[in-house]
Amino acid sequence: SAKSVVNEINLVAVESCLKHLQSVECHSTRSKKLLHDLGVLAAKSKYLNCVDLKVETDVYEFLEQVKEPTVRISIRHFHTCTPTGAERLATLLPRFNISALSLNLKHCNDVLVRTLVDAITHNTAVKILCLKEIDLTETAAEVLGHSLGQMLALEVLIVNGKNGKNNHL
């Protein structure tokens, strides 16, 4: 019983320190639970202003926990988005200030690619956008092409087609 009281006191101290967290950086994890927990920590921080994720799992686990949309986020996705993950990501991306985004869309169909492209291009803060193994159909290319003018911060655009073919806009 005394041990649990000590743990509760330590937990309160840790949570108090985390409220002042300003930056989260996560590299090379495949753990959805870890991303979820980092998101919970980030949501509790009053001063968080920067998140850098270089992960091998769906990032929506993190984003769903973060309620403050003013946080600047960089996402470098090192695994292929699942269709479910891409759908959830498409609903979350417009809420956030995404500065860099790299996604592998190998398993995303035409409709999902268009939805993601539309969600991404509504985020005018994106400086670096990399879409890998994308099936860039004429319609998706048109959506991306029309939206580029709205993405005033965009400095780098990389679009790699499926099977190593490059797509040209």
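The analysis underlying the following values was restricted to heavy atoms, covering all of them including side chains, and did not include hydrogens, waters or symmetry mates.
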**Request:** Please answer: with hydrophobic residues joined when any side-chain heavy atoms are less than 4.5 Å apart, are Ile158 and Ile128 in the same cluster?
**Result:** yes

**Fill in**
Looking only at heavy atoms, the pair that brings Leu48 and Ala42 closest together is CD2-CB, 3.3 Å

**Request:** Specify the closest pair of heavy atoms between Val156 and Leu154, including all atoms of both residues, with the distance to one decimal.
**Result:** O-CD1, 3.4 Å

**Item:** With sequence neighbours excluded, residues passing side chain to side chain donor-acceptor pair (under 3.5 Å) with Lys33
**Value:** Asp37

**Asked** What distance do Glu61 atom CD and Leu92 atom CG have between them, rounded to the nearest 0.5 Å?
**Response** 10.5 Å

**Fill in**
Looking only at heavy atoms, the pair that brings Ala86 and Leu112 closest together is CB-CD2, 3.7 Å

**Fill in**
Across all chains, not counting sequence neighbours, the side chain to side chain donor-acceptor pair (under 3.5 Å) partners of Glu25 are His27

**Asked** Among all residues two or more places apart in sequence or in another chain, which pass the side chain to side chain contact (heavy atoms under 4.5 Å, CB included) test with Ser23?
**Response** Cys50

**Prompt:** Which distance, rounded to the nearest 0.5 Å, do you find between the CD1 of Ile75 and the CD1 of Ile98?
**Reply:** 4.0 Å

**Fill in**
Rounded to the nearest 0.5 angstrom, the CZ-CG distance for Arg88 and Leu63 is 10.5 Å

**Message:** Which heavy atom of Phe96 sits nearest to which heavy atom of Ile73, and what is that distance?
**Reply:** CD2-CD1, 3.4 Å

**Prompt:** Taking the side chain as C-beta and beyond, is there a heavy-atom pair between Met151 and Leu129 under 4.5 Å?
**Reply:** yes

**Request:** Quick one: which residue pairs count as a ring-ring contact (aromatic ring centres under 6.0 Å, His included) with a foot in residues 29-56, not counting sequence neighbours?
**Result:** His20-Tyr47

**Message:** Side-chain heavy atoms nearer than 4.5 Å, only ILVMFWY residues, links allowed to pass through others: does that put Leu148 and Ile120 together?
**Reply:** yes

**Complete:** Output for pair (His146 NE2, Asp118 CG), nearest 0.5 Å, gives 12.0 Å

**Message:** If you compare all heavy atoms of Val66 against all heavy atoms of Gly39, which two are closest, and at what distance to 0.1 Å?
**Reply:** CG2-O, 4.0 Å

**Request:** Rounded to the nearest 0.5 Å, what's the gap from OH on Tyr60 to OG1 on Thr84? Could you check?
**Result:** 7.0 Å

**Request:** Please name all residues satisfying side chain to side chain donor-acceptor pair (under 3.5 Å) with Ser74, sequence neighbours left out, ordered by chain then number.
**Result:** Asp52, Arg76

**Item:** Hydrophobic cluster membership, Leu93 vs Leu157, 4.5 Å side-chain cutoff
**Value:** yes

**Message:** Please find the pair of heavy atoms, one from Val40 and one from Gln65, that lie closest to each other, and give the distance.
**Reply:** N-CB, 3.6 Å

**Message:** So Leu89 and Leu103, do their side chains get closer than 4.5 Å, heavy atoms only?
**Reply:** yes

**Request:** Could you check if a side-chain atom of Thr115 sits within less than 4.5 angstrom of a side-chain atom of Glu87, using non-hydrogen atoms only?
**Result:** no

**Request:** Under the side-chain contact (heavy atoms from CB on, under 4.5 Å) rule, what do Val113 and Thr137 come out as? Steps first, then yes or no, please.
**Result:** CA-CA 9 Å; Val113 167; Thr137 63; over 6 Å; no

**Prompt:** Is the shortest heavy-atom distance from the side chain of Leu41 to the side chain of Val24 under 4.5 Å?
**Reply:** no

**Asked** Taking the side chain as C-beta and beyond, is there a heavy-atom pair between Pro83 and Asn109 under 4.5 Å?
**Response** no

**Prompt:** How many angstroms lie between SG in Cys130 and CG in Asn104, if you round to the nearest 0.5 Å?
**Reply:** 9.0 Å

**Prompt:** For Arg114, which residues count as a side chain to side chain donor-acceptor pair (under 3.5 Å) partner, sequence neighbours excluded?
**Reply:** Asp110

**Message:** I'd like to check Val55 versus Leu34 (side-chain heavy atoms, cut-off strictly below 4.5 Å). Are they in contact?
**Reply:** no

